[in-house]
Amino acid sequence: MRRKITFAVLAVCFLSLAACSDDNNDSSTSEPASVKKTEAVNYQDKVNQDVKSFRAFYSNKFPNVELTEFKDGVYAIDQATREQWLEIEEFPPYELSIDEGQEFFEAPFANGKSYRDCFKNVDQGIRQNYPFFDSASQQVVTLELAINQCRENNAEPALEYGMGELAAISAYIANLSREKVFDIKVPTKEAYTAYMSGKQFFYSKRGQLNFSCADCHLKIAGSNLRADVLSPAIGHPTGMPVYRSNWGELGTIGHRYRECNKNVRSEPLAYQSEAYRNLEFYQTIMSNGLAVNGPSSRK
Amino acid sequence: MATKIKIKVKAKEKKGIVKAKLLVKHPMESGMRKDKAGQLIPIHHLKEVKVDYKGETVFHGEFGTGVSKDPFVAFAFKGTAGDKFTVDAVDSKGNTGNVEVKIK
Amino acid sequence: MKLIKFTSIIIAVLFANSILAGPAEEAIEKADKTRLEAKARGFEWSTTSILLMKAKTALAAGDNALAEKLANQAQKEGENAIIQADYAQLHWQESIPL
Amino acid sequence: MNLSRRKFFINFGKGAGYLALVASLPQMAWAKWNQKAFTATNLDAAIKAKYGELPIVDSKEVNLKAPAIAENGAVVPVKVKSSLADVKSISLFVKDNPSPLTTTLNLGKNSLADIQIRIRMGKTSEVIAIVESGGKLHRASQQVKVTIGGCGG
């Protein structure tokens, strides 16, 4: 009994402590000031400003790397591993997945329709248009989500996110979109809210190791974390899906997000959770102007 | 239950030399890896790849578990663009795969 | 939010009292509630559920002292994760170096 | 062949029993996979199992190219070229792998001694290329460092 009381007392103490620390810091802005503005706000302008300063950070950090080269991920900044990567890219293992993806893509659904009915312009390249903010459903739609929406609209069961068939289809679509340039827009207040939520995720420390995406992939990008050179966050989404030698398989950006979260000992969120979709939205916007080079191979 | 081994080949001729690159879809299980339940995953690897051109074996690879997953190998032989060669593969479970390739 | 947190812990404590469970069981239950609260914020640590699993194993094996110790560790992790979530909510913009 | 195969599985203990079953499935006629060499657990035994008593010489005519530091031990790109005439085979050994022999690539008379392959390395080790030509083994070797990854970059 005594123990239980101690717990309760401890809990109260702890809470009051937390409350104290909150009070101390309440002077800082607790939410983005921009959200409060009226309709006259041009959200795209705000985003463009963000993109500009985000890039400037990397340009200052890596003055010898052209902006468009960041699509190669860590290999844009690490010459030592670039050579090995180029050798693997000569005949990358994901080429088998592209072929598989094509087979899946072209196979008709039970109702006689196919993916092509959902993705009419696939041959012209569509990867660069994802993710986008869908004004009808008021949410960010990623390519992977769209693939499963297409299936559901055609009475097919959804595919598992992460690896396998869905990743292969995504790879096939990305491969047809190579060299197309990302230019994701933030047209509305709602889109901006999703964007800001992704941005908040990017800068929020989490997990037992207390790291944010930005801690590793912005602030100390290019440094070594144990034996790995940390990749710059600009150019992360362009090469998706990715065949990682560590996985020995092709996986989606969601799979990588989950792995990254696990690396900082944070419980990964669900595939295609709103938080991850918003993060992908934010990250892709930060990579606007870069070309699609997915699927890609990474260590 | 034999499954067909998937093989992808690129072959280009330049100055009478054919440079061929080969990618085989294979898990290359070493027999030392454990699955999530802690059980050893049985050894399963690509064993041999044989390449025949004009009635002659120009390449015959033997592979152990020390070869990476989804094995890649490149080799070269004297040949002519437009000709064809065959690639045959067999793995440790007796699965086979084959493909006919036209030299570019 | 704090009110909810407060209430939920109080409820957890009261509830734990009511079922005449041992201290180890109570500690596990309490830590699991805290963990779920952190999870709802999207800030659960991946290490917490492992601690709780080990605590349950210890409890099942009759090692109540170890079970309680592990559960308390899990509780601490859950609390820290919530602090982390609170902190991020208020201060994330301060860590933008741009 | 069968004996040594059995021995290998016994050595590897339980759980490998049903592997023996798998391994004894009918093989293709052209198969000549060298069981003994591929399952040898040290470099010398592997070379001997593969090439018997053929003399070994270090050779500048064997050009082995591997990364000084492997980006990932699971995928290490290696190239071997040789100017030697009449090359019969090229074998690659990783000294400190559990089974050092990774591959033997047998060539025909119209083939060139110019190969590439991606291999696995469990840890930092010497990588040895052996080119069989003119009744001799010609050797080149290189140290490849394998680092323990952090988070994959």
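Proteins get letters first, then strands, A, B, ... in listed order; numbering begins at 1 in each.
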field: Which residues share a side chain to side chain donor-acceptor pair (under 3.5 Å) with Thr86(B), sequence neighbours left out
entry: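 For Thr86(B) there are no side chain to side chain donor-acceptor pair (under 3.5 Å) partners, ignoring immediate neighbours.
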query: For Lys81(D), does the NZ atom sit with more than 12 other heavy atoms under 6.0 Å from it, leaving out its own atoms?
result: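 No - once you tally the heavy atoms of other residues, nucleotides and ligands closer than 6.0 Å, there are 12 at most.
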query: When you look at NZ of Lys48(D), are more than 12 heavy atoms from neighbouring residues, nucleotides or ligands closer to it than 6.0 Å?
result: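 12 or below, so no.
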task: Compare every heavy atom of Ser68(B) with every heavy atom of Val75(D), then report the nearest pair and how far apart it is.
output: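 Of all heavy-atom pairs spanning Val75(D) and Ser68(B), the closest is CA-OG, 3.5 Å.
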What part of [X] is in contact with chain B, defined as an atom under 4.5 angstrom from a non-hydrogen atom: side chain, backbone, both or neither?
X: Pro98(D); answer: side chain
X: Val78(D); answer: neither
X: Val94(D); answer: neither

Interface moiety of Leu22(B) toward chain D, non-hydrogen atoms closer than 4.5 Å: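 Neither; nothing under 4.5 Å.
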query: Using non-hydrogen atoms only, which part of Lys19(B) is less than 4.5 Å away from chain D: side chain, backbone, both, or neither?
result: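 Side chain only.
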As an exercise, state the distance from [atom1] of [X] to [atom2] of [Y], rounded to the nearest 0.5 Å.
X: Phe38(D); Y: His45(B); atom1: CZ; atom2: NE2; result: 8.0 Å
X: Trp33(D); Y: Asp91(B); atom1: CH2; atom2: CG; result: 11.0 Å
X: Asn97(D); Y: Thr65(B); atom1: CG; atom2: OG1; result: 8.0 Å

- request: Output the residues of residues 70-84 of chain B for which the shortest heavy-atom distance to chain D is under 4.5 Å, in residue-number order; output 'none' if no such residue exists.
  value: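 The stretch touches chain D at Phe72(B), Val73(B), Ala74(B), Phe75(B), Ala76(B), Phe77(B), Lys78(B).
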query: Mind checking which of residues 107-138 of chain D sit less than 4.5 Å from chain B, heavy atom to heavy atom?
result: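 Expected list: Leu107(D), Gly108(D), Lys109(D), Asn110(D), Ser111(D), Leu112(D), Asp114(D), Ile115(D), Gln116(D), Ile117(D), Arg118(D), Ile119(D), Arg120(D).
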message: Tell me if a side-chain donor or acceptor on Thr103(D) pairs with a main-chain N or O of Phe63(B) at a distance below 3.5 Å.
response: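 The answer is no, because no donor-acceptor pair under 3.5 Å joins these two groups.
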message: Holding to salt bridge (charged side-chain N to carboxylate O under 4.0 Å, His left out), I want the full list of residues that pass it with Lys50(D), two or more places apart in sequence or in another chain.
response: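 Salt bridge (charged side-chain N to carboxylate O under 4.0 Å, His left out) list for Lys50(D), sorted by chain: Glu62(B).
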